[in-house]
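Here's the structure, in structure tokens; my notes come after.
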Amino acid sequence: MTWLFPLYLLGGAAIIGPILMHLRRKPPQDRVEFSSLMFLDAQTPMPVSKRRLENWLLLLLRCLALLLLALMFARPLWRSENEDSVSQNQATVLLLDRSASMQRGDLWKQVITAATQHLEKIALTDRLAVATLDRETKLLWSFDQDKTSASTRLAALQPQLAALKPGWASTDLGKALVDAAGWFGSAQGLSGLKKRVIVITDFQEGARMDALRGMVWPENIAVEVVRVDAPNSDNFTLSLAASAEESLSGHSDAPTTRVRLSNTRDSKASDFKLTWDKGTEPPTSGYLPPGASRVLSLPGTAGIINLTGDAWDFDNRIFIAPAQPKAVKIVFIGDEKTRGEASSPLFYLSRALQPTPSLLPELAVVPETAQSLPADTELVFISGPRLSAPLAQSMRALAERGGLVIAVVTPEMKAQDLEALTGISGIQLDASDNSASSDEYQMLSEIQTTHPLLRSFADERLRDFTKLRFWKHRKLTLPKDAPLEVLARFDGGDPAIVAKGHLILLTSGWHPADSQLALSTKFVPLLYGWLEAAGFRNEKGASLLVGDVLPLEGATSIMTPDGQTLTPKPGDTIRSEMPGVYTMGKDRLIAINLAPEEGRITPMELAKLRELGVRVEAGEVDATTSTKAEDKERLAITEQEARQRAWIWLLGSLLAILAWETWLAGRIRQGTLQPAYSSP
């Protein structure tokens, strides 16, 4: 227990007053003569030295009232073991910023120098933990280690600090502070120690603080920011604004890459140049004022883009991996000779399936008399005569294991062929063509554009099928409760597109003898929409950043940008540690870039931390707002005492004792009164 205003305890000495008053008890000094006095014997007054206390309870009540009054004004405070005391011993977490921005100039040297100075000031009776921060927080020296090896901490940490270098990851200061606060709570033996976190950093604007928004910062943990400064903030930041696929123009033979260029607010640099590494194109130059941002387009889609014109080059490169389209093995069941015939389905199919930046269709033709499909087949088109039973079973098995089978119902097909493909009996097939006259045709209606197989037409601007006409179709009658879904119907009510998982049945072909589908603008989006719905796509994901997990996906080896070879084991998680192009396996390339916010190197104000509730103590760079440690301790004690409010209980006890004392004094006074005598 401690006292908020201990000087008031001196008021307890006032209890000597009631004691003296009880001992004094002088007899009356006034003499009143009356007639009956002659019958009384004179008594000698008792000496003061022989007087004794008679009303002990009344005296104790009066003394206790004075003591409670003194205690109430002194404001008692009970402090538990897990709360800070006024001890001068400290528990310190030292955080060293080794993010990519620390590669500027001699910033890292300043960090090591400042860290060494703080280590030398920490007493052996204090507790210490040391960690580095960037995107993740890495502990170098824990409280548990310091508990048993405090005398050797400096000798053990100096080699580790000498071996450290700044990395390429971004700065997550909020996560580092949250981790440090957690170490105070999990370590043993820190009760009664002052807790503080010392962060040595450039304290840049690009540092992330999101983790602090989800917690209430402990009041008993102070944070001191020691800022290291570079000579200037003349820095451009280069980042990828769009992937190569997004930059492709459908009417241009020269695809471009879009990049975003930003300049810091207090930069003195304004002229820049952008060039492709080992490129033949002239550089792109321009002017960008401080604090501005601009999106530029550069011809080309793969390689390294270099930026020049600023003082710091740690964020002056963008790595873009070349397009790596995924090969899709496609089989057409029919006659290879019809590939060049303008009236055949194969003619239009072979011309629609063209390579894209994400897909590389490889179309092969297999005759209908074949007994099985090639082993690597992923997609099958059928538009011809009847199939052999083994081939039909092979295609059904392909659809069941995830491949895509698209079959056009032709006049030569029988209901047994559809049963072999779908595995569903009871499908009725009208053998006629249901041909329309020259001035009559069927149109699509009831199209389920929300279905994955037709999602490419979900946009209202692409839903217009009024110009698409069908001359011939085969009429299907589906059994009730069959697992078949009608995705589109003709305006006469007959099914046009029927699906069962990855099996699609078309009751009309796409070639001109059946419809206008192959000649319309809907044909190519429809084909690639089917491919995407079946999982045959290779979309380029968002540009990976330093620290992201590498997508291994069966890669047996990884070649890093600096030439090292990593061999992942099953279940391993490997993160990128530097920007550049990583080679996954034999030929898969992945580009890793620096986080764009790491280039925002303008120093941040300490008020940003205070706004997030962090108790910030001034470091060497913010002495104008510093306050004494005693004042901080006094403020914390005052807030704690205000929550306990022990003085209220003392006040209540004081009032009760005063009431008891008043009642008891009245009783004693009544008992000492003598009855009045009257003369005869």
Side-chain angles (χ1 to χ4, degrees), residues 1-30 32 45-88 191-195 216-222 613 615 627-677:
M1 185 178 68
T2 186
W3 306 93
L4 194 61
F5 303 104
L7 290 179
Y8 279 104
L9 293 175
L10 298 177
I15 63 173
I16 194 65
I19 297 175
L20 294 177
M21 292 176 62
H22 276 250
L23 292 176
R24 183 168 179 267
R25 287 179 49 225
K26 292 182 179 181
Q29 300 296 324
D30 296 336
V32 178
M46 181 181 295
V48 175
S49 60
K50 293 185 179 182
R51 292 174 186 172
R52 296 181 299 172
L53 296 176
E54 297 177 356
N55 300 317
W56 282 97
L57 183 58
L58 184 62
L59 176 62
L60 290 176
L61 290 177
R62 291 171 177 174
C63 292
L64 183 58
L66 291 175
L67 287 175
L68 289 177
L69 188 63
L71 293 177
M72 184 184 68
F73 281 101
R75 305 283 285 275
L77 171 66
W78 281 268
R79 310 194 67 181
S80 59
E81 293 182 358
N82 60 348
E83 293 173 340
D84 285 346
S85 67
V86 293
S87 171
Q88 296 302 314
S191 300
L193 301 181
K194 291 184 177 180
K195 301 176 178 63
V216 177
W217 185 258
E219 295 181 359
N220 60 344
I221 300 178
R615 177 187 164 192
T627 56
K628 295 182 179 180
E630 292 79 5
D631 295 337
K632 292 285 186 177
E633 182 72 17
R634 173 67 66 182
L635 178 61
I637 291 177
T638 303
E639 293 176 353
Q640 187 176 357
E641 192 276 336
R643 292 193 299 269
Q644 294 181 359
R645 306 184 70 177
W647 64 272
I648 291 183
W649 297 98
L650 293 174
L651 178 60
S653 302
L654 174 63
L655 295 177
I657 288 175
L658 290 178
W660 190 5
E661 186 274 342
T662 303
W663 174 82
L664 184 60
R667 289 290 302 270
I668 294 174
R669 180 178 179 83
Q670 292 178 3
T672 57
L673 292 177
Q674 300 294 329
Y677 291 94

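The figures that follow rest on heavy atoms only: side chains count, while hydrogens, waters and symmetry mates do not. One-based numbering along the sequence shown.
Heavy atoms only, all atoms of each residue included: R615 and E219 are closest at NH1-O, 2.9 Å.
Residues satisfying the side chain to side chain contact (heavy atoms under 4.5 Å, CB included) criterion with L60, sequence neighbours excluded, are absent altogether.
For W660, the CH2 atom sits in a loose shell: 12 or fewer heavy atoms of surrounding residues, nucleotides or ligands are nearer than 6.0 Å.
Interatomic distance, CG of L61 versus CG of L66, reported as 11.5 Å (0.5 Å rounding). To the nearest 0.5 Å, atom CG of residue L69 and atom CG of residue L658 are 8.5 Å apart. Rounded to the nearest 0.5 Å, atoms CG (L68) and SG (C63) are 11.5 Å apart.
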